[in-house]
Amino acid sequence: MVKASELGILADPSKFTEPLELGGRPKDVLISLLEMMLVIRKVEECIADLILEKKVNCPCHLAIGQEAVAVGVSDNLTAEDKIFGGHRSHSHFLALGGSVSGLLAEVLGRSTGCSGGMGGSMHLFQPEKGFVGSAPIVGGTVPVAVGAGLACQKDGKGNIAVCYFGDGTVEEGMVQESFNFASRFKLPVLFVCENNFYSSHLDIHLRQPSDRISRFAEANHISSQIVDGNDVVKTALATRELVESIRGGNGPGFLEAVTYRWRGHVGPDENIDVGLRRKKEDLLAWKKRDPIRRLKDGMLQANMITNSDYCSVEDSVEQKINDSLEESLAAPFPEESFLLSAVYKSEKDLS
Amino acid sequence: MKMSYAQAIRSGFQYLLQKYPNVFVMGQGLWSPWYVGNSMNDLEVEFGKDRVMDTPVSEAACTGAGVGASLCGYRPIVVHPRMDFMVLAMDQIVNQAAKWSHMLGGESHPAVTVRGVINRGGEQGAQHSQALHAWFAHIPGLRVVMPATVKDARDLLISATLCDDPVVYIDDRWLYELEDDLPEIEEKKLSNQVPEILRSGKDVTLAGAGHSVQLCLEASQDLSEAGVECEVVDLRILNPLNVSPVVTSANKTGSLCVVDGGWETCGMAGEVIASVAEQMEPGSRNIRFKRITLANAPAPSSKVLEDIYYPTREKIVDAIRNWKN
Ligand SMILES: Cc1ncc(C[n+]2csc(CCOP(=O)(O)OP(=O)(O)O)c2C)c(N)n1
């Protein structure tokens, strides 16, 4: 018995498959959004291959199909903002301009990885781009992001904290506490929920009475927007409204971006069989709501790009990834002494 | 009949669910074919989804619900597919379940079992690798069991569930493939269980719990070939801790090495050694002590560091050889 969706047509994969409306965004901006989504897609496809080749062994949660969320959100952020992720954060990291070779080296366990090879896929770090860190305990970085928001508020420079999480994450108590806390102190925090309807193998109707996660924002008097998270233009626009208000000192905001992951919970497979109700037909339908194809079609339709322009963007992205991969595969593994020297800061001072 | 450690856990659940209508199980991933290895496969098909409940990502609520139901006549088993996630349920385990009997005058006992799975290796990193048994063993009011053998994987689960006190049952994914013959089930009172000597020897006593015991047994084989005979003690239960078989053994061998997949500081190995030292009869022989534990760091991800991080059979062999020379 599947309950009716409170998200309505946003949850219906047969909808929103048309070429994107471009919202009057200029060509160069749209091209960079397109390019960034392609970077994410192709880096993650590259990681999927590396897993199959057994070159990458750490658990990797891929966000293929969800690229538009991070790209649309990041369109409104600066390197001074404080951004946090969870277990599925390659896209969050890359969308801020996180280093491709830093990510590839990290999942390969190399010392040149963005976390020095200590973390793997689930622990990413590049503060100079605004990415303060990601960690896979579900919900664990939400209170931390709220604290970063508190620091931003004290600094008074108009910077904000951002926390990405999934629909499953709101089931943790500390996340609910964080919503209330951020609201009570009017903290500059943007909560970004990527609602992909799944928490590992369980779909949302097997876990919650409603599939509309922003009900928790409403309960805590946090202003919220629900968008088609596979529409990068609308996601960027909704984020802009929320971020303007947050930077203006009006307290936290909540973006619910409705999307779908094309691969399984962890690893490269599509995992049709593992989700108790994840069906091949659903996946195929959602693939038709492809965020990249829709933007590309929108731009083609508006005569902003030609097919060959698209191909050359694709080629240059692939070239960049291949170069980064080569560099990362040649990088050394961490020194044994790093095991102990990274535990405390003062140890590092000594060495 | 030969069974794996994981199948033995499953047969423990099956026995309990079949025989006791007031037993039920809840936790994350219980309807998934891979969350807890193959240690609970299809139990929900056999016993129904109302007795084998897959839950939202809410460790605290799920554990607390187990405590509450246990106060009202049920014997719930709460499953945390990874011990790291169980940390989010710490209040319910430490402040509620462990204290309930004592703080309310000793008349009411939460007969809940909390299963935590140690799941390490595979470059999973710092938040997906921990073995926190020593934390729980620190808490009066909790009983803590750590099966090291196929038989205990099944039988300690049954004893834990039938025990009227809150029990933390800790199993280890690195043991799931271990195979052994299993006798018929005999219900045994948890409070009567004692450590077991799994191998006898005259030169060195090796003691541990859970996966470490298997490492000790493997190392003993290598050491035996090198002429060092080890006695291996499986502690089985960390709280209440009974070290008398270790005392007897150490008195015989004169050397005690405790192996633990947890950290050293305020850890299990130190506790066992301190208890043994205290319980030595005055005038008994001098014992040499050693512990082999995790490096004093969170789990790294990169394979090269993982390889030096965990206690291994080789580390035990080297340590004992150097020690004995
Ligand atoms: C505290 C904790 N409990 C359980 C897990 C296991 N786990 C990892 S990801 C995940 C699902 C989270 O779902 P959601 O928040 O919707 O994110 P998605 O995977 O869909 O991106 C779970 C249950 C964990 N990492 N941490």
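Convention: sequence-line order gives letters A, B, ...; per-chain numbering from 1. Computed from a predicted model, the values in this text were never measured in an experiment.
- The part of A/E335 that comes within reach of chain B is its backbone (N, CA, C, O), which places non-hydrogen atoms under 4.5 angstrom from that chain.
- Atom CD of B/E177 has 12 or fewer neighbouring heavy atoms from other residues, nucleotides or ligands inside a 6.0 Å radius.
- For the options B/P300, B/A61, B/A299, B/A60, heavy-atom pairs under 4.5 Å to chain A are most numerous at B/P300.
- Interface remark: of the candidates B/P56, B/G125, B/G29, B/P56 forms the most heavy-atom pairs closer than 4.5 Å to chain A.
- The environment of B/K315 atom NZ is dense: over 12 non-hydrogen atoms of other residues, nucleotides or ligands sit within 6.0 angstrom.
- No more than 12 heavy-atom neighbours from other residues, nucleotides or ligands sit within 6.0 angstrom of CD on A/E336.
- Using a 4.5 Å cut-off between heavy atoms, A/M122 contacts chain B through its side chain alone, with no backbone atom that close.
- Within the 4.5 Å cutoff, side-chain heavy atoms of B/Y35 are placed close to those of A/H201.
- Contact between B/S301 and A/G117 at its shortest, heavy atoms only, is CB-O, 3.9 Å.
- Atom-to-atom distance recorded for A/C58:SG and B/E306:CD is 10.0 Å, nearest 0.5 angstrom.
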Intermediate values then yes/no, side chain to side chain contact (heavy atoms under 4.5 Å, CB included), B/L305 and A/M118: CA-CA 8 Å; B/L305 297 184; A/M118 298 308 274; 3.4 Å; yes
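- Taking 4.5 Å as the limit, every side-chain heavy atom of A/V343 sits out of range of all side-chain heavy atoms of B/N296.
- The shortest distance between side-chain heavy atoms of A/P136 and B/H128 falls below 4.5 Å.
- The side-chain heavy atoms of A/L206 and B/D54, taken from C-beta on, include no pair separated by under 4.5 Å.
- Not one N or O on the side chain of A/E171 forms a donor-acceptor pair closer than 3.5 Å with the backbone of B/S58.
- Rounded to the nearest 0.5 angstrom, A/L339 CG and B/I308 CD1 are separated by 5.0 Å.
- Side chains of B/L88 and A/M174 form a contact here, defined as non-hydrogen atoms less than 4.5 Å apart.
- More than 12 heavy atoms of other shown residues, nucleotides or ligands fall within 6.0 angstrom of atom CH2 in B/W263.
- The shortest non-hydrogen separation linking A/V138 to B/V57 is CG1-CG1, 3.9 Å.
- Shortest non-hydrogen contact noted between A/P59 and B/E123 is CD-O, 3.4 Å.
- In this structure, B/W34 and A/H265 have parallel ring planes: the angle between them is below the 30° cut-off, well short of the 60° mark.
- The number of heavy-atom neighbours closer than 6.0 Å to OH of B/Y74, taken from other residues, nucleotides and ligands shown, is 12 or below.
- Both the backbone and the side chain of B/E59 come within contact range of chain A, with heavy atoms under 4.5 Å apart.
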